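Numbers here are sequence positions counted from 1. Quick caveat: nothing in here was measured; it's all calculated off a predicted structure.
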Amino acid sequence: MSALNIEKLIHDDLDYLLTKKSEQGELTLHKVIEVAAYVAAKYLRIIYTKNKEIKPEELNGVFGIISNFYSEIFNNELQDNEYQKISSTALDLL
């Protein structure tokens, strides 16, 4: 999976899931974190299944893509502790 391909797939998943969550009501911080964590866990599972390991740069890449996407669409409103919550929740889901 190329870096550009995984970035587009992650963006598409985040966009789709955030849209679906917003159709169910207001997007809360909890929902936004939950969506990001599930998407991160999904792609980390794919990487692990393919490579039988997850390298630090792959881990940072997945979370970096999500962080950049969220920074752009939420105008840098999320704080560091919220990104840490995304990471810890995603790792717990694994």
Side-chain angles (χ1 to χ4, degrees):
M1 205 180 295
S2 74
L4 263 140
N5 189 24
I6 195 168
E7 185 172 356
K8 180 173 178 1
L9 292 170
I10 290 172
H11 283 197
D12 289 349
D13 282 355
L14 289 169
D15 186 49
Y16 176 79
L17 292 170
L18 289 170
T19 299
K20 287 297 179 188
K21 286 285 188 185
S22 69
E23 289 171 358
Q24 298 171 353
E26 183 180 341
L27 273 179
T28 64
L29 183 58
H30 174 74
K31 289 179 184 178
V32 167
I33 290 171
E34 180 182 55
V35 165
Y38 275 99
V39 171
K42 172 186 175 180
Y43 286 94
L44 292 173
R45 272 189 222 106
I46 291 169
I47 292 167
Y48 183 80
T49 300
K50 182 179 175 188
N51 301 335
K52 302 299 181 223
E53 69 176 338
I54 300 173
K55 296 177 184 171
E57 58 269 15
E58 294 166 327
L59 190 67
N60 291 335
V62 169
F63 288 120
I65 292 168
I66 291 169
S67 174
N68 290 341
F69 182 85
Y70 270 25
S71 291
E72 185 178 317
I73 65 166
F74 293 115
N75 299 317
N76 296 315
E77 289 183 27
L78 275 73
Q79 303 299 314
D80 285 343
N81 64 324
E82 292 152 344
Y83 286 111
Q84 291 172 356
K85 179 71 173 165
I86 291 168
S87 300
S88 63
T89 303
L91 295 175
D92 288 344
L93 290 170
L94 290 175

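Between Ile73 and Leu18, some side-chain heavy-atom pair lies under the 4.5 Å cut-off. A heavy-atom distance below 4.5 Å is found between the side chains of Ile6 and Ile47. In this structure, the side chains of Glu82 and Val32 stay at 4.5 Å or more apart for every pair of heavy atoms. Between Tyr38 and Leu17 there is no side-chain heavy-atom pair separated by less than 4.5 Å.
Nearest heavy atoms, Ala37 versus Thr89: CB-CG2, 3.6 Å. Across every non-hydrogen atom of Glu53 and Lys55, the tightest pair is OE2-CE, 3.5 Å. Residues Phe63 and Ala40 share a closest heavy-atom pair of CE2-CB, 3.6 Å.
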Residues Leu14, Ile65; criterion side chain to side chain contact (heavy atoms under 4.5 Å, CB included); working and verdict: CA-CA 10 Å; Leu14 289 169; Ile65 292 168; 5.8 Å; no
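Separation of atoms CG (Leu78) and CD (Gln84) is listed at 12.0 Å; rounding is to 0.5 Å. One distance of note links CG of Asn60 with CD1 of Ile54; it measures 11.5 Å at 0.5 Å rounding.
The ring-ring contact (aromatic ring centres under 6.0 Å, His included) pairs that include a residue from residues 64-94 are His11-Phe69, Tyr70-Phe74, where partners are two or more places apart or lie in different chains. The salt bridge (charged side-chain N to carboxylate O under 4.0 Å, His left out) analysis of residues 27-46, with sequence neighbours excluded, yields the pairs Asp13-Lys42, Lys21-Glu34.
When only modelled atom types and interatomic distance are considered, Asn51 and Glu58 share a side-chain donor-acceptor pair under 3.5 Å.
At most 12 non-hydrogen atoms from other residues, nucleotides or ligands lie less than 6.0 angstrom from CD of Glu26. Within 6.0 Å of CG in Asp80 there are 12 or fewer heavy atoms belonging to other residues, nucleotides or ligands.
Cluster membership check: Leu93 does not share its hydrophobic cluster with Leu29, using side-chain heavy-atom separations under 4.5 Å among Ile, Leu, Val, Met, Phe, Trp and Tyr.
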